Structure formats: C-alpha cells, structure tokens
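Proteins get letters first, then strands, A, B, ... in listed order; numbering begins at 1 in each. The shown structure was predicted, so the numbers you read here are calculated from the model rather than taken from an experiment.
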2 protein chains.
Amino acid sequence: MPASIEDVAKLAKVSISTVSRVLNRRNVVNAATRERVEKAIRELGYRPNVFARGLMLRKSNIIGLVLPDLHGEFYSEIIRGANEKTRQLGYHLTVSAAIESDDSHDIVAAVANQGLVDGLIAMISETNAGITDALATVDVPLVVLDGDVSGARHDCVVIDQSEGAAAMMNHLIKLRPGRPVIFVGGNETNLDSIDRLKAYRAAMSGAGLAVADEHVFHLDYDYQTAFDLGVEKVAEWSRIGASVFAANDEMAAGVIDAAIDAGLNVPDQLPVVGFDDTRIAQLTRPRLTTVHVPMAIMGASAVELLLQRIEDPKRPSTKMTLQSELVVRESCGAAVKIHQPGLRGIS
Amino acid sequence: MPASIEDVAKLAKVSISTVSRVLNRRNVVNAATRERVEKAIRELGYRPNVFARGLMLRKSNIIGLVLPDLHGEFYSEIIRGANEKTRQLGYHLTVSAAIESDDSHDIVAAVANQGLVDGLIAMISETNAGITDALATVDVPLVVLDGDVSGARHDCVVIDQSEGAAAMMNHLIKLRPGRPVIFVGGNETNLDSIDRLKAYRAAMSGAGLAVADEHVFHLDYDYQTAFDLGVEKVAEWSRIGASVFAANDEMAAGVIDAAIDAGLNVPDQLPVVGFDDTRIAQLTRPRLTTVHVPMAIMGASAVELLLQRIEDPKRPSTKMTLQSELVVRESCGAAVKIHQPGLRGIS
DNA sequence: CTGAAAGCGCTTACAG
DNA sequence: CTGAAAGCGCTTACAG
C-alpha cells in the first residue's frame, strides 16, 4: 500500500491541505514548512494518486492518438514524434488503431467517450458520412491529422502535398517533355491520394498534357498490388516513354521491382518516383526520388496544438500546414546530386 | 458536465447503490429495476467516471508498453500485436520509448511508478547494472520481452533465436561447404545479437569451421553502417567465397547494396542473409533469405500473459518461448521455392 | 433485492 | 501562511 497524502501530513506534522499546496502551488507555503513536507515526501517515496487527482481536477494528463492502421514506417514515425513531444510536456500517450474488424470512426468515439483522455489526436485518411458524426460526438479537445474535415471546430495538422507533388510532377515533366506520366494512387477515397492526384492533374494540364483515363490507377498503397500492376504494365509504359508517379514509396518500390524483373532499366527505360520519403525510399535500388513528408514533426505538432488547446480551450482553432519537399535521388533519372532534407518544414 | 451516477439514480428512482450494482454485478438486481436503470443510463448517455472507479478499484485498465526505440518495422509490429490484443481484452495501451536523452531503464521506472498502469510490458534489449535495479522498483505486474532477466519474479516472452539461427547457419554452410561465414552483428551488448552470435559460433564449430576474429563485426543494426562496412569489405569477402550472416534485415540490405554497387552479383558472388523477416526482407533485390521472428505475436502474447497475472497475481511466473524460423528467399542462392511463414510459432 | 453510509485520496474555497 | 471541512463520483460492506 503506497503512502497517501495523509501519511505525509502526519510525518511532517501539518495538515493535508498544506501537503497539497506544496505539491501544487509551492510558493504559497512558508519555506520552512515546505522543506519539512518535501522531506517527508522523499522519505515516504510518496506519489500522488492519479485517480484521486483526476477525480478532482478532471484531468488525466493522458492524450489519445488514433490511427487508421499501425503498419509501416509512416505511422511509426508519427507515433515516435508524438510520443517524444508528449513526454517532454509531461503527458502520456495512448495509442489505438483500427483493427480488421472495426472502423476507425468507432475507435475515435470509443477512445474519446471513455472519459480517460484529456484530448485526442485522430488521423483521418478518408472523409465519409460516418466520420463527421463520430467527430461530432467527441467532447474533448481534438486535433485532426491529415483530414481537413471542414466545418468542425477543432485544430488540424495537414501536409501541404500540393507543393511537393507539383515540384515532383514538374521535375518528371521536365525530364521527359511531352511524355505521359502514370499515376498510381491509393484508394480512391483516401484524402492523401486525392490531393496527390489533384496536383498530378494540375501539373499535367499546366504542361499542356492530356491525362488518359488508363493512366490513372487506384490501388491500396501496398507493395504487392503495385508489383502486380507493374508486372502487367511496365513493358507498355516503357514503350511509350512514360514515367510513373506513385502515391507512396511502397507502391513505387513495387513498380520498380516489377520493371527490373521485366528486364527494364530504372530509370533509363522507366522512371519511377514515390511519395512520403519513408525508410524504404533509401533501400530500393535505384534509390527513390520521392517527396519528403515530415511525419514525426506532424505527430509532435499535433501534440503541441492539442496541449495548447487543453490549456486554453477557447483559443481560436488553428490549422497547421507542414511543407512537403521534393527529394531527388536516383529513380527518376535526373543527374542531380542527392538532397537530404533535414527536420524542417514547419510553416 | 456529463451525467453522474446520481443523475441516473434519480431518473430511475433508485439509490446509487443499485445503479452501481447494475453496472458491476447485473444479476444481483431484480429484472424490473434493472431495466429501469438501464433505460435511465441510455437516456442520459451515462458513462462511469474512470477516475472515481479507479480510486475505489485501484485499477485503471491501462497497461504500459515500454520499448527501447520506436524506429522501424520491428517495433511497430510489436505495438500492433499488443494494441490489438489489449483492445480485444478491454484494456488500453500506453506506449513509451526511450528517446535520445534518456535511458530506457528510467522510463520503465517512470511509467511503472507513476501509478497509472495496472501492469507493464518492457522490452529489454540489453542487460546491465541499471536494468536490474530499475526492474526491481517496478511494483506492478511486469512482462519482460526478449531479455531473459534471470532471477527476477516476472513473466517473460522470448524468441528462441537459436533454432532459427542454427537452421540459417546450416543452410549457409551446406550451400558453400568449408567456406567462411561473416557475422555482422548489432551492438556487442545487445541480447539478440549475443544469441545470434552464439548460434553462429555453435554452427561453425559444429561444421568444423574455425571462426576468424576478423570475420565477426559488431555494428548498430542500421542500414547505413552496414553499407559502409560492405563498401570496404565485400570484394574481399567475395574473393574468399564467404557468405554474410547479418543479425537483422536492415544490415543485410546494407551489405547487399554495397555488394551490388561494387558490381558483385548477390547471391552468386556473395550470399547475404538477414534476420527478423521485416517488411524490408521482401523489398530488397534479391529478396532476403532471413529468419522469421513473430513480432506481432510477441506483443500479443505479452499482453495475454500480463493480463493473466493481473487477474491472478500469484500464478507461477511463466516464460513463453516463440519459435523463429528459416525463410529461404533469394539472397542465399539456394534453389528452393519461397516459403512464406504464417502466424504460427507459439510453443 | 435495496438503501444509507462510509470511505477511496485528493483539491480548494473558507476561515482564521 | 495554515487547518477543518466539503466534495469529486464511485464501490462495497452492513443492515434491513
């Protein structure tokens, strides 16, 4: 049985009120008594009971992070960034993710309503009917990652994909003027994929290039399906002098491997680029030209935003935009030296 | 202000005791009143206050997971497995990891002593003075991953590395009888690396092969350092007909890339194999022959063990051993068809 | 089967 | 600057 505030009070010969004051508002109490109390605390190894505190303060110092999934580098970087910042600011982080059987919306609601967390960070990768409702039931401060769910009263952190994607497209178009660019996207409803497709179309039409329907694909962000698509298509793509713009690094890796298996030289016979700049981007051969997305920073920024709101619930809701950035490596075929982005990109 | 148990009691015209009973021991209360109470709960959207409950029950339904690091597939799989099982059993998971400035031992202590978690899962990848002390201060149920910290009274989940590592070594030795095998390990003090080195030595001496000191390396599990080492050594290794046994997939990838950059054919001129069977193993070309380690299962098993102990604190402490398994792909040069392990391996 | 009451360990006005 | 007391929202013997 751990020591309680009463034990401390007894040992220090003061009331529990005074012990509590030493704990919470140190300066209010006389230096001599304070030292006596602190000594007692040390001797007893006293730590305030989290539940009793939470009951009075209505505060747990725990924030929740809900992700659509837990696979892969992308999410683990977000967790890493969030975890570090959370600890640094004296909070704790609980992580939840959608698992096969349940929808991420349910989880958002579940985590928020269970009454444990002081606030919630939710990554929304698709917008649909359910999600708006689910978010509406959240009655704690909320920061939305990625999904810019309009109209709602909460903070959000988004990646400005358009800039990086546009830079990438222009890069590709400049390398092979007038040639087609194949877009290999994620799910049709995925917000990131939608943004990236939009930038793709804008750049194409900006360069006076038509976008053929059969040059736009919607897969699932996975290596394997991209590989399978590649097996079927790379020969043709190469023949027409196309480049491939994949909406994440994994799919880019899949297409590259399919191309190599087909005996093609990447990038000479088929340039392929990715998105995200995960660890994989440096493991493929050729190394991936991709767009760097500051994932850890996204996690950390979300935590900062959330804690600011928890402390001041009526501050105006803010939207933080992080910049993405073109990283030229080998898979595009540009004769440019490799550029390694550091930890920058907060706007 | 959310509804309290008193609001429910009033609406249902019963005492709070009865409401509490409906919540906790449904069958004790008369069916008619129970229904009245449940209706009131529904109408009010009542949810018990977690802190008040925790204060009485001394239980939070939260378990902590402490990892040495949060980078990479390996850890994210553990989190995924733990998260899924935790939710499934009605608990919550908080995740912490060592960050640059602090030692994982401090974190174990910090998380355990803050009094929030009902139990703790800690991954111990090195054994040293500090760790035993830190573990001793933990006064909640504890499950140790990987590190078989002897003498302590807690459960643990370990990977039987020796079997997989031995299978791998025998496989390599059979492919190139009498030729040297290079060991590229992690930190000298890393427990996994130590185990794998031990299996390496055993297999070598079992085959009557001497182990030259200059054939054993201790790096840091990272792609880049392995790549750098490879740049320097692959030519020589290839010349003497050696194979490379790396202690994780990332380092194997680094060596492979260095070999390819040096114009060598892998596996023909230099077989290279990895360990862990992370996602990377299927992204390298040639695909990695490696040892499958059931990471998600490790996380899930730890949760199960922990919750069993929380429910029955005096059950005998158990040690769960998960089997690792050789996965033959391309990087070793064996003409064997690819074997994909499923989710097996619990012993 | 049900209710009144004590108590879990804190914080915070309210007096002094 | 300090203490006595009320109260946060629950659970659980204890009576009835």
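Both A:Pro2 and B:Val29 lie close to DNA chain C; mapped to their nearest nucleotides by heavy-atom distance, the more 5′-ward contact belongs to B:Val29. Where B:Arg34 and A:Glu6 each meet DNA chain C at their nearest nucleotide, the meeting point lying more 5' is that of B:Arg34.
A salt bridge links B:Lys39 to B:Glu43: at least one charged side-chain nitrogen sits closer than 4.0 Å to a carboxylate oxygen. Between B:Asp155 and B:Arg309 there is a salt bridge, since at least one side-chain N of the basic residue sits less than 4.0 Å from a carboxylate O of the acidic one.
The shortest heavy-atom contact between A:Asp160 and A:Gln323 is OD2-OE1, 3.3 Å. Pairing each heavy atom of A:Ser301 with each of A:Met320, the nearest pair is CB-SD, 3.4 Å.
For DNA chain D, the residues of residues 8-18 of chain B within the heavy-atom distance limit of 4.0 Å (strictly under) are B:Ile16, B:Ser17, sorted by number.
Among the atoms of the strands shown, only primed sugar atoms or phosphate atoms (P, OP1, OP2) are found under 4.0 Å from some heavy atom of A:Arg58.
Base pairing annotation: C:dA4 forms no Watson-Crick or G-U wobble pair, as no partner gives both donor-acceptor distances under 3.5 Å. Taking a pair to require two hydrogen-bonding distances under 3.5 Å in either a Watson-Crick or a G-U wobble arrangement, C:dA13 remains unpaired.
Counting heavy atoms of neighbouring residues, nucleotides and ligands inside a 6.0 Å radius, atom NZ of A:Lys13 does not exceed 12 of them.
Counting only N and O atoms by type, the side chains of A:Asp118 and A:Ser60 include a donor and acceptor under 3.5 Å apart.
Note that the first and last nucleotides of DNA chain D, 5' to 3', having any atom under 4.0 angstrom from a heavy atom of chain B are D:dG9 to D:dA13.
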Practice prompt. Apply side-chain hydrogen bond (donor to acceptor under 3.5 Å, both in side chains) to B:Asn83 and B:Lys85, showing your working.
Written response: CA-CA 6 Å; B:Asn83 180 67; B:Lys85 182 60 76 178; over 6 Å; no
Worksheet item: Please walk me through it: do B:Asn30 and B:Arg36 pass side-chain hydrogen bond (donor to acceptor under 3.5 Å, both in side chains)?
Response: CA-CA 10 Å; B:Asn30 170 37; B:Arg36 242 177 35 247; over 6 Å; no
